[in-house]
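First comes the structure, then the notes that go with it.
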2 protein chains.
Amino acid sequence: MRIGELAERTGTSRRLLRYYEEQRLITPGRSYNGYREYEEAHVGRVMQIKGLLGSGLPTRIIRQILPCLDKPRSIYFDDLTPEMLRVLECEHGHLTQRIDCLTRNRDAIGDYLETVRGMRAAADPSGRAGAGS
Amino acid sequence: MRIGELAERTGTSRRLLRYYEEQRLITPGRSYNGYREYEEAHVGRVMQIKGLLGSGLPTRIIRQILPCLDKPRSIYFDDLTPEMLRVLECEHGHLTQRIDCLTRNRDAIGDYLETVRGMRAAADPSGRAGAGS
DNA sequence: TTTGACCTTCACATAAATGTGAGGGCCTGA
DNA sequence: TCAGGCCCTCACATTTATGTGAAGGTCAAA
């Protein structure tokens, strides 16, 4: 598929897809006329990139972890340098920290919302929203 | 405490602490000479801000969710506009999405690392690292 | 053959989080 | 009283992920 379709299917701008390519996060082929040609698999890949980016990881890190997230593996264990291994271990830890932080905060918001709803229900047992004046 | 100590204890730059203040994420007092004066509680608060920021939330959103994360509550249910309630519900959802994305990716890295370690162990049952030459 | 919807590259613009430095005030200890 | 270390504000610089637009090529359909 071409860039327009991929953009639409992933909710991304074309500009950004070209940027991801420049950052070596995706590597589309080219058709005879120079147009980028994407595989079906790129849809998932782009969603994954968007998610990680939105979760605060910079492209530099994403580039490093992406290759080992493929099923089937696109990076093989022989290619794995000790350096790379350390990076992965380190990122695994960072991700866990991030997850913990987000989880704590999400749950706190959840608690808050639940309490609010509890109070709303107690004040207005009819279940309809809106406190009126 | 003054800005230097807070910076040190939170691993943040002074510049950034002033920035958080400008963004209305923290509100230190001022001592008679104009120096910012921080409470003990600001340490935790700053760590929380750093965590959320590192997880991809913009200061605008952090400003909105912070007040309802306090224990004891600093925002009371009477103050809560329906508008604000929607924001919180929405952010609760976003956080969950982020958490899921990060968890999936972290676990994939975890799997990979485990597999690698499995292969290392099989190749070198002595348990010592380093393949040597 | 021309129009319109795609695509290309290049380049400049923006917002957000940060760094850096200048110019200057406060305060403590020698 | 001066030096050194902290603080202040202001302002400009940088990086990263993005937007936007210009100038132009490709291709299908009218």
Side-chain angles (χ1 to χ4, degrees), chain A residues 1-39 42-43 45-66 91 94 97-98 101-102 105, chain B residues 1-39 42-43 45-66 91 94 97-98 101-102 105:
Chain A
M1 89 195 76
R2 286 176 309 179
I3 199 171
E5 186 181 342
L6 183 62
E8 187 142 0
R9 287 179 58 186
T10 57
T12 315
S13 69
R14 292 143 214 247
R15 172 67 174 86
L16 230 20
L17 293 176
R18 298 194 186 104
Y19 176 67
Y20 296 162
E21 178 180 351
E22 185 190 314
Q23 295 295 308
R24 284 165 300 150
L25 302 182
I26 42 179
T27 314
R30 295 286 178 144
S31 49
Y32 69 98
N33 57 11
Y35 290 7
R36 289 171 179 79
E37 194 58 41
Y38 297 91
E39 308 297 319
H42 282 119
V43 176
R45 170 62 51 123
V46 169
M47 295 310 287
Q48 196 176 22
I49 294 169
K50 285 187 59 166
L52 291 169
L53 227 28
S55 302
L57 283 84
T59 54
R60 197 188 82 252
I61 298 297
I62 299 178
R63 186 187 319 128
Q64 292 188 291
I65 65 180
L66 270 186
E91 279 318 308
H94 287 162
Q97 281 179 241
R98 264 199 179 74
C101 169
L102 289 176
N105 284 287
Chain B
M1 90 195 74
R2 287 177 307 182
I3 200 171
E5 185 180 343
L6 183 61
E8 188 142 357
R9 288 178 58 187
T10 57
T12 314
S13 68
R14 292 143 214 251
R15 172 67 176 86
L16 229 20
L17 292 175
R18 298 193 187 104
Y19 176 68
Y20 296 162
E21 179 181 352
E22 186 190 315
Q23 295 295 308
R24 284 167 300 151
L25 302 182
I26 43 180
T27 314
R30 293 287 177 144
S31 49
Y32 69 97
N33 58 13
Y35 290 5
R36 287 170 179 81
E37 194 58 41
Y38 297 91
E39 308 297 320
H42 282 120
V43 176
R45 171 61 51 121
V46 169
M47 295 309 288
Q48 195 176 25
I49 293 169
K50 284 187 58 165
L52 291 169
L53 227 27
S55 302
L57 282 85
T59 55
R60 197 188 82 251
I61 298 296
I62 298 178
R63 187 187 318 129
Q64 292 188 292
I65 65 179
L66 271 185
E91 280 317 308
H94 287 162
Q97 281 179 241
R98 264 196 180 75
C101 170
L102 289 175
N105 284 286

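To find a chain, count down the sequence lines: A is the first, B the second, and so on, and within it residues start at 1. Only this structure's heavy atoms are used, side chains among them; waters, hydrogens and symmetry mates stay out.
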When you measure from the side-chain N and O atoms of [X] to the phosphate of [N], is any distance below 4.0 Å, counting only OP1 and OP2?
| X | N | result |
| --- | --- | --- |
| B:Arg15 | C:dT20 | no |
| B:Arg36 | D:dT9 | yes |
| B:Ser13 | C:dT18 | no |
| B:Thr59 | C:dA17 | yes |
| A:Tyr19 | D:dA17 | yes |

Would you mind telling me which residue lines up with the more 5' stretch of DNA chain C, B:Arg2 or B:Gln23, judged by nearest nucleotide? B:Gln23

Pick base, sugar-phosphate or nothing for B:Arg60, based on heavy-atom distances below 4.0 Å to the nucleic acid.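 Nothing: the residue B:Arg60, judged by heavy atoms under 4.0 Å, touches no strand.
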
For a quick check of understanding: with a heavy-atom distance under 4.0 Å over all strands, which category does B:Arg14 fall into, base, sugar-phosphate or nothing?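 B:Arg14: backbone/sugar contact only, no base atoms under 4.0 Å.
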
Can you list the steps and then say if A:Glu91 with A:His94 is a side-chain hydrogen bond (donor to acceptor under 3.5 Å, both in side chains)? CA-CA 5 Å; A:Glu91 279 318 308; A:His94 287 162; 3.2 Å; yes

Answer yes or no: does atom CD of B:Glu21 have more than 12 heavy-atom neighbours from other residues, nucleotides or ligands under 6.0 Å? yes

Under 6.0 Å from the CZ atom of B:Arg30, do we count more than 12 heavy atoms belonging to anything else shown?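 More than 12 heavy atoms, drawn from other residues, nucleotides or ligands, come within 6.0 Å of this atom.
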
How close or far is atom [atom2] of [N] from atom [atom1] of [X], stated in whole angstroms?
| X | N | atom1 | atom2 | value |
| --- | --- | --- | --- | --- |
| B:Leu57 | D:dA17 | CG | C1' | 16 Å |
| A:Ile61 | D:dT16 | CD1 | P | 12 Å |
| B:Leu16 | C:dT20 | CG | P | 12 Å |
| A:Glu8 | C:dA5 | CD | P | 14 Å |
| A:Arg24 | D:dA17 | CZ | P | 13 Å |
| A:Glu22 | C:dA11 | CD | P | 12 Å |
| B:Leu6 | D:dC7 | CG | C1' | 14 Å |
| A:Arg18 | D:dA17 | CZ | P | 18 Å |

Does B:Arg9 use its side chain to pair, donor to acceptor, with the backbone of B:Val43 at less than 3.5 Å?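 Flag not set: sc B:Arg9 to bb B:Val43 has no pair under 3.5 Å.
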
Closer to the 5' end of DNA chain D via nearest nucleotide, is it A:Asn33 or A:Tyr20? A:Tyr20

Can a salt bridge be assigned to the pair A:Glu22 and A:Arg36 using a cut-off of 4.0 Å between side-chain N and carboxylate O?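 No, A:Glu22 and A:Arg36 are not salt-bridged.
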
Heavy atoms from C-beta onward define the side chain here; which of C:dT8, D:dA17, C:dT18 lies closest to that of B:Leu53?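 Shortest atom-to-atom distance from the side chain points to C:dT18.
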
When you get a sec, tell me which of D:dC8, D:dT26, D:dA17 is the closest nucleotide to the side chain of A:Tyr35?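 Shortest atom-to-atom distance from the side chain points to D:dT26.
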
